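All of these numbers come straight from a predicted model, not from anything done at the bench.
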Amino acid sequence: DLTQPQKPMGYKDLMKEAEKLFDEAIARCNTPFTLEYNWMSANVDNQLLARLARTYKARFMAQVARTKAERQAANWDAIMALIDQGITQDFIIYMEWDVAWFNGGLYYSGRPDWGNLGNYIHGMADTSGNFQRWVNLPDADKSYQFADGTQFLYITPDRRYPQGTTLAEQRANPGTLYRATAPTGESTFARPDRGTWRWSWYKHGLGERYYRQDWNQPDVRYREMRLLKAEGHFWKGQLAQAAEIINETRVPAGLNATNAAGLNTSCVPRLPNGQCGDLWEMLKWERRHASIWTGIGNVNWFFDSRGWDDLYKGTPLHFGIPCREIQVLQMEPCKNYGGPGGEFGSKGSTYRYPFEGA
């Protein structure tokens with residue numbers, strides 16, 4: 001009835017409605033069928049669709065949280081059960097330029113002349129002190145090198161990143177996920193008017209595949225969901241079980257095996273304050289790498305960081321309803337979120353980055 005002002009549904013109630021739809025989809029999968037390939041650019045039958053529905057439901061039940069307290073209070077027993085009944089391997093969607101499914105965000109993020117890694121998170125791979133030196137500079141002074149001309153390099157035992165202590169060595173020894181930029185042919189350091197703080201020497205090797213005309217993109221990864229289950233173990237106080245899952249990706253990356261006490265002799269991640277990350281930080285480190293470039297760009301990083309209280313102070317925790325729709329439905333008022341002192345904005349990150357303010 002548009003003759004009366006409408007009341008918007010809160011995000012928690014909206015999630016409850018979404019869960020009902022997931023359950024309905026799962027129930028419909030009891031009847032055998034096979035979807036047309038072009039529906040999802042993948043071969044999907046009723047059994048796989050049911051697994052996918054459980055997987056996405058688990059992901060959203062965790063990621064709907066706006067704060068760390070809400071995330072901890074999620075129904076982790078249900079989430080973990082859904083994960084156990086979810087996908088057993090990566091779910092891959094074929095992407096093609098202007099045909100069927102395509103992800104423009106990944107396309108532009110993977111351009112060889114753009115798409116630098118963000119230092120604020122990736123910099124925690126560094127164990128040399130370079131990251132702490134960089135992060136404590138005013139934003140206007142942050143760049144890919146320091147004022148004395150030395151390069152801001154991640155020097156790290158994490159083999160997902162380039163190895164070596166010089167730029168030349170790192171260019172010759174790319175990591176399993178990331179590489180250092182080429183000496184020529186990449187206009188990486190463009191548009192200083194947009195802030196040199198966003199410049200780094202590093203790019204995502206997988207992301208560059210998405211710059212091509214077509215590719216096979218993981219929409220959700222099995223490792224991502226395993227590490228979401230590890231988070232469930234963590235919140236339930238089952239730290240040894242959490243550590244066991246963390247080690248499934250941590251050890252192959254060349255880092256020390258951790259344990260329930262959070263052993264971190266590799267000191268990766270090394271936090272902005274110089275401390276070696278504890279079990280919780282190691283869990284987040286592994287999940288970030290398992291979920292990068294899945295779904296729509298790096299949206300998983302935002303949703304996870306929101307629920308871990310990791311977003312920079314003032315970052316909106318969600319977007320408002322578009323003003324035109326607000327006006328049609330006679331909802332008042334039309335407003336934005338985030339910003340200094342704004343509603344539904346981050347109160348400050350876990351890492352207490354310098355210059356976030358009080």
Backbone N/O of Ala81 and side chain of Gln85: donor-acceptor pair under 3.5 Å
yes

In terms of hydrophobic clusters joined by side-chain contacts under 4.5 Å, are Ile26 and Phe91 together?
no

For Tyr11 and Glu70, does a side-chain donor sit closer than 3.5 Å to a side-chain acceptor?
yes

Test log, rule side-chain contact (heavy atoms from CB on, under 4.5 Å), inputs Trp201 and Tyr154
CA-CA 9 Å; Trp201 284 110; Tyr154 309 160; over 6 Å; no

Does Arg223 reach the side chain of Arg226, with side-chain heavy atoms less than 4.5 Å apart?
yes

State whether Asp148 and Arg133 are salt-bridged, where the test is any N-O pair (Lys NZ or Arg NE/NH1/NH2 against Asp/Glu carboxylate O) under 4.0 Å.
yes

Minimum side-chain heavy-atom gap Tyr312-Phe355 below 4.5 Å
yes

Check this for me: Asn336, atom CG, are more than 12 non-hydrogen atoms of other residues, nucleotides or ligands nearer than 6.0 Å?
no

Mind checking whether Asn300 and Glu224 have side chains closer than 4.5 Å, heavy atoms only?
yes

Under a 4.0 Å N-O cut-off, is there an ion pair linking Asp310 with Arg288?
yes

Are more than 12 heavy atoms, taken from residues, nucleotides or ligands other than Glu248, located less than 6.0 Å from that residue's CD atom?
yes

Set out, in order, the CA-CA distance, both residues' side-chain angles and the distance that settles side-chain contact (heavy atoms from CB on, under 4.5 Å) for Arg171 and Thr181, then state yes or no.
CA-CA 7 Å; Arg171 283 171 171 161; Thr181 58; 4.1 Å; yes

Over all heavy atoms of both residues, which pair between Leu279 and Ala243 is shortest? Give the atoms and the distance, please.
CD1-CB, 4.1 Å

Salt-bridge present (Lys57, Asp23; N to O < 4.0 Å):
yes

Should Glu356 and Arg352 count as an ion pair when the cut-off is N to O under 4.0 Å?
no

Under the salt bridge (Lys or Arg N to Asp or Glu O under 4.0 Å) rule, what do Lys20 and Glu24 come out as? Steps first, then yes or no, please.
CA-CA 6 Å; Lys20 294 177 184 178; Glu24 180 181 343; over 6 Å; no

Begin from the C-alpha positions of Asp139 and Lys142 and carry the test salt bridge (Lys or Arg N to Asp or Glu O under 4.0 Å) through to its verdict.
CA-CA 5 Å; Asp139 282 350; Lys142 289 182 170 73; 3.1 Å; yes

Without swapping roles, check the side chain of Ser200 against the backbone of Leu117 for a donor-acceptor pair under 3.5 Å.
yes

Taking atom types as modelled, find out whether Thr165 and Glu169 have a side-chain donor-acceptor pair closer than 3.5 angstrom.
yes

Centroid separation under 6.0 Å, is that true for the rings of Trp308 and Phe303?
no

For ring-ring contact (aromatic ring centres under 6.0 Å, His included), just list the numbers for Tyr178 and His122, CA-CA rounded to whole Å, side-chain angles, deciding distance to a tenth of an Å, and then say yes or no.
CA-CA 10 Å; Tyr178 314 110; His122 288 284; 5.1 Å; yes

For side-chain contact (heavy atoms from CB on, under 4.5 Å), just list the numbers for Leu311 and Phe302, CA-CA rounded to whole Å, side-chain angles, deciding distance to a tenth of an Å, and then say yes or no.
CA-CA 8 Å; Leu311 295 177; Phe302 172 79; 3.7 Å; yes

Flag yes if Phe22 and Met9 sit in one hydrophobic cluster, no otherwise; membership is Ile, Leu, Val, Met, Phe, Trp, Tyr, and two members link when side-chain heavy atoms are under 4.5 Å apart.
no

Test item: Gln163 side-chain N/O and Tyr161 main-chain N/O as donor-acceptor pair under 3.5 Å:
yes

Inspect the surroundings of CD in Glu19 and state if more than 12 heavy atoms from other residues, nucleotides or ligands are less than 6.0 Å away.
yes

Just how far is it from atom CD1 of Ile92 to atom OG of Ser41, taken to the nearest 0.5 Å?
12.5 Å

Do Ser266 and Asn256 pair up side chain to side chain, a donor and an acceptor below 3.5 Å, judged on atom types alone?
yes

With rounding to the nearest 0.5 Å, note down the distance linking OH in Tyr202 to CZ in Phe152.
7.5 Å

Check whether any side-chain heavy atom of Arg270 lies under 4.5 Å from a side-chain heavy atom of Asp126, and answer yes or no.
no

Flag, side chain of Thr196 to backbone of Pro192, donor-acceptor distance under 3.5 Å
no

Check whether any side-chain heavy atom of Glu231 lies under 4.5 Å from a side-chain heavy atom of Trp235, and answer yes or no.
yes

Compare every heavy atom of Ala62 with every heavy atom of Leu228, then report the nearest pair and how far apart it is.
CD1-CB, 3.9 Å

Would you compute the distance between atom CZ of Arg51 and atom CG of Asn46 and round it to the nearest 0.5 angstrom?
11.5 Å

Does Gln47 use its side chain to pair, donor to acceptor, with the backbone of Asp45 at less than 3.5 Å?
no

The test is side-chain contact (heavy atoms from CB on, under 4.5 Å); show your working for Leu153 and Leu167 and say whether it passes.
CA-CA 7 Å; Leu153 299 178; Leu167 186 56; 3.9 Å; yes

What I'd like to find out is whether the side chain of Met124 reaches to under 4.5 Å of the side chain of Pro272, using heavy atoms alone.
yes

Donor-acceptor side-chain pairing of His233 and Gln241 below 3.5 angstrom:
no

Looking at Arg71 and Asp304, is any side-chain nitrogen of the basic one under 4.0 Å from a carboxylate oxygen of the acidic one?
yes

Check whether any side-chain N or O of Thr350 sits under 3.5 Å from a backbone N or O of Asp309 as a donor-acceptor pair, and report yes or no.
yes

Would the number of heavy atoms belonging to other residues, nucleotides or ligands and lying under 6.0 Å from CH2 of Trp199 be above 12?
yes

Could you tell me if the ring centre of His318 sits under 6.0 Å from that of Phe344?
yes

Distance-minimising heavy-atom pair for Gly86 and Thr55
CA-OG1, 3.3 Å

According to a hydrophobic-cluster definition based on side-chain heavy atoms being under 4.5 Å apart (Ile, Leu, Val, Met, Phe, Trp, Tyr only), do Val220 and Leu21 belong together?
no

With a 4.5 Å limit on heavy-atom distance, are the side chains of Asp278 and Asn264 in contact?
no

Taking the six-membered ring for Trp, are the ring centroids of Tyr120 and Tyr353 within less than 6.0 Å of each other?
yes

Gap between atom CE of Met282 and atom OG1 of Thr249 - 0.5 Å precision:
11.5 Å

Looking only at atom types and distance, does a side-chain atom of Arg66 sit under 3.5 Å from a main-chain N or O of Val64, one as donor and one as acceptor?
yes

Of all heavy-atom pairs between Cys267 and Thr127, which one has the smallest distance, and what is that distance?
O-CG2, 3.4 Å

Hydrophobic clustering (ILVMFWY, side-chain heavy atoms < 4.5 Å, transitive) - are Phe33 and Leu52 grouped together?
yes

Non-hydrogen atoms of Leu263 and Ala257 that approach each other most closely
CD2-O, 3.9 Å

Side-chain donor-acceptor pair present, Asp158, Thr156, cut-off under 3.5 Å
no

Which value, rounded to the nearest 0.5 Å, describes the distance between Ile87 atom CD1 and Tyr56 atom OH?
7.5 Å

4.5 Å side-chain heavy-atom contact, Arg160 and Leu255
yes

Strictly distance-based, threshold 3.5 Å: is any side-chain N or O of Asp90 a donor or acceptor partner for the main-chain N or O of Tyr222?
yes

Between the side chains of Tyr351 and Glu281, does any donor sit under 3.5 Å from an acceptor?
yes

Can you check whether Arg250's main-chain N or O pairs, donor with acceptor, with Asn247's side chain at less than 3.5 Å?
no

What's the separation between atom CH2 in Trp39 and atom CG in Leu49, rounded to the nearest 0.5 Å?
10.0 Å

